[in-house]
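A short write-up of the structure that comes next.
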Amino acid sequence: MKYNALKGVHDIFPPDIYIWQKVESAAEEVFSAYGFQEIRVPIIEATDIFTRSIGETTDIVEKEMYTFPDKAGRSITLRPEGTAPVVRSYIENHLYNQPSPQKFFYSGAMFRYERPQKGRFRQFYQIGAEAFGASEPKLDAEIIAMLKLFLERLELKELNFEINSIGCEKCRPDYKKALSDFFSNKISGLCPDCNRRYIHNPLRILDCKVDACIKLRKDAPQVTNHLCGDCKEHFEGFQALLKLLNISYVINPNMVRGLDYYTRTTFEVTSEHLGSQKAVAAGGRYDRLVEEFGGPPTPAIGFAIGMERLVEILRNQNSELYTGPKAFFATIGAKADTESFLIAEKLRAKGINVELGYGNASLKSQLRRADKLKAAYVFIIGDDELKSGRIKWKNLKDSSQGEIGIEEIPDFKGLN
RNA sequence: GUGAGCGUAGCUCAAUGGUCAGAGCAUUGGACUGUGGCUCCAAGGGCUGGGGGUUCAAGUCCCCUCGCUCACCCCA
């Protein structure tokens with residue numbers, strides 16, 4: 001019987017795992033500098049948490065969620081995204097009673113039942129950040145700056161920052177109507193998908209890739225021209241700060257985010273080094289969501305980074321991240337084997353990476369393995385060495401050799 | 001859910017319908033009885049994704065199925 005991993009899920013192991021670890025530690029480091037603290041929320045939640053936040057008619061909710069009844073018949077869903085659970089936690093734990101703004105980051109697996117393709121999987125990982133309790137554009141700009149610093153820390157290049165504002169509950173209905181009016185006499189020219197979009201979410205027509213639709217929407221009203229006074233002021237304030245920070249960006253008025261809860265600022269970071277799924281990170285404001293979830297009115301903003309997409313880029317530009325053991329003990333005979341085992345324990349207790357020979361292998365094959373592992377030093381212990389108490393060491397990089405007293409190994413300069 | 005491409009050794013790939021399906025790399029061992037890399041030698045490793053059909057003969061042609069990949073939809 002041969003078992004395979006399920007469609008759209010993947011094992012992560014060396015050498016890729018080193019890239020993942022590098023990304024995770026960079027996130028923790030950079031986000032902490034901005035006052036974000038880690039939060040860990042469950043992978044399963046009540047289904048309502050997602051249907052109500054993401055939107056009943058979005059594709060995620062309609063056909064992509066892993067939803068099932070638990071043994072008591074409750075509807076459970078594997079989280080398809082991270083914002084809703086964090087919002088739930090924020091309210092449930094009364095975190096709004098802490099000084100505002102409260103900032104959190106998280107990292108973990110998300111699940112969406114989709115056909116896999118490059119940069120898209122059924123179980124995928126996101127690093128996300130959410131900040132609650134401040135509506136100023138300063139927070140929006142801070143979030144972008146943090147994302148940029150994080151990406152720079154990883155030496156990612158050739159990334160595009162796109163921003164937009166999709167207004168609030170006051171101005172968006174007007175814009176939606178203007179858009180519907182504009183397309184009302186063009187429906188027959190739109191692709192079948194856009195005909196559906198026209199009914200459910202006319203905003204989506206704006207990012208259709210069909211040529212005919214692109215032509216028809218050329219003179220469509222732009223959301224940035226339909227913002228109310230407050231939203232306009234917010235968007236301009238946001239941009240002014242980005243300019244002060246020397247962050248280059250483009251306004252993409254056609255950028256529509258897929259989740260219903262977004263308000264005002266939305267943004268996306270894309271890379272040309274990916275396939276069709278080129279968004280590495282994306283996010284936006286969701287000033288109404290906390291209140292809709294039964295919390296106090298609380299403006300908020302967040303984003304998520306697609307781990308696999310990030311790793312995909314890093315894999316093609318990163319040098320070797322693996323470092324081998326500092327010491328390798330090659331032994332001849334049972335007594336030497338035991339002796340090396342005891343010395344290794346002492347070194348490991350000091351945090352030194354030590355590897356041992358196994359399985360009665362010949363000295364030659366032990367050295368070969370040490371070389372494959374990229375060990376820095378090999379210590380050779382046989383009967384002669386045990387008798388004299390002088391252990392042979394060899395530097396595998398420059399082939400230099402020498403001897404050292406068995407008791408002095410923990411202080412050997414090459415290991416410390 | 002829709003469309004296209006591809007499935008041969010751990011990996012990358014060969015093999016006009018015709019001997020026992022091969023090579024390079026990787027793995028293990030040896031040449032070198034206690035010194036890695038380089039070189040040379042050898043070994044292990046395959047239900048050619050699975051099933052059915054055509055044929056004297058199928059890795060190769062046909063059908064079905066499963067899987068992978070890419071794209072659409074949508075999204076990180």
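Atoms considered below: every heavy atom in the structure, side chains included; atoms not considered: hydrogens, waters and symmetry mates. So you know, we letter chains A, B, ... as the sequences are listed, proteins then strands, and number each from 1. Everything quoted here is computed from the prediction, not taken from an experiment.
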Can you check nucleotides 44-46 of chain B for protein contacts, nitrogen or oxygen pairs under 3.5 Å, and list what you find?
none

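Qualifying side chain to side chain donor-acceptor pair (under 3.5 Å) partners for A:Asp59, counting only residues two or more places apart in sequence or in other chains: A:Lys63. The side chain to side chain donor-acceptor pair (under 3.5 Å) search around A:Ser32 returns none, not counting sequence neighbours. Under the side chain to side chain donor-acceptor pair (under 3.5 Å) criterion, A:Lys394 pairs with no residue at all, not counting sequence neighbours. In this structure A:Ser362 satisfies the side chain to side chain donor-acceptor pair (under 3.5 Å) test together with A:Ser365, sequence neighbours excluded.
The salt bridge (charged side-chain N to carboxylate O under 4.0 Å, His left out) contacts involving residues 155-172 of chain A comprise A:Lys170-A:Asp230, where partners must be two or more places apart or lie in separate chains. Note on residues 47-57 of chain A: no pairs pass salt bridge (charged side-chain N to carboxylate O under 4.0 Å, His left out), not counting sequence neighbours. For the salt bridge (charged side-chain N to carboxylate O under 4.0 Å, His left out) condition, the pairs that include at least one residue of residues 364-380 of chain A, sequence neighbours left out, are A:Glu355-A:Arg369.
Rounded to the nearest Å, the gap between the C1' atom of B:G36 and that of B:U28 is 16 Å. Separation of the P atoms belonging to B:C40 and B:C47 is 30 Å when rounded to the nearest angstrom. For the C1' atom pair drawn from B:G24 and B:A4, the interatomic distance equals 31 Å after rounding to whole Å.
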Inset, instruction - Show your working on ring-ring contact (aromatic ring centres under 6.0 Å, His included) between A:Phe31 and A:Phe150 and close with a plain yes or no. - result: CA-CA 8 Å; A:Phe31 294 0; A:Phe150 165 71; 5.6 Å; yes

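Under the 6.0 Å distance and 45° angle rule, A:Lys326 does not count as a cation-pi partner of A:Trp393.
Annotation: side chain of A:Phe132 is in contact with side chain of A:Val87 (closest heavy-atom distance under 4.5 Å).
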Inset, instruction - Indicate for each nucleotide in nucleotides 64-76 of chain B, in 5' to 3' sequence, whether protein heavy atoms under 4.0 Å reach the base (B), only the sugar-phosphate (S), or nothing (-). - result: ----SSSBBBBBB

Legend entry - Under 4.0 Å protein heavy-atom contact, by nucleotide of nucleotides 29-36 of chain B - B base, S sugar-phosphate only: S--B-BBB

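A 6.0 Å sphere centred on CZ of A:Phe341 holds no more than 12 heavy atoms belonging to other residues, nucleotides or ligands.
In RNA chain B, the stems built from three or more successive Watson-Crick or G-U pairs (distances below 3.5 Å) are B:1-7 with B:66-72, B:10-13 with B:22-25, B:27-31 with B:39-43, B:49-53 with B:61-65.
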Table please: side-chain donor-acceptor pairs of residues 399-408 of chain A below 3.5 Å, with sequence neighbours left out.
{"residue": "A:Ser400", "atom": "OG", "partner": "A:Asp398", "partner atom": "OD1", "Å": "2.7"}

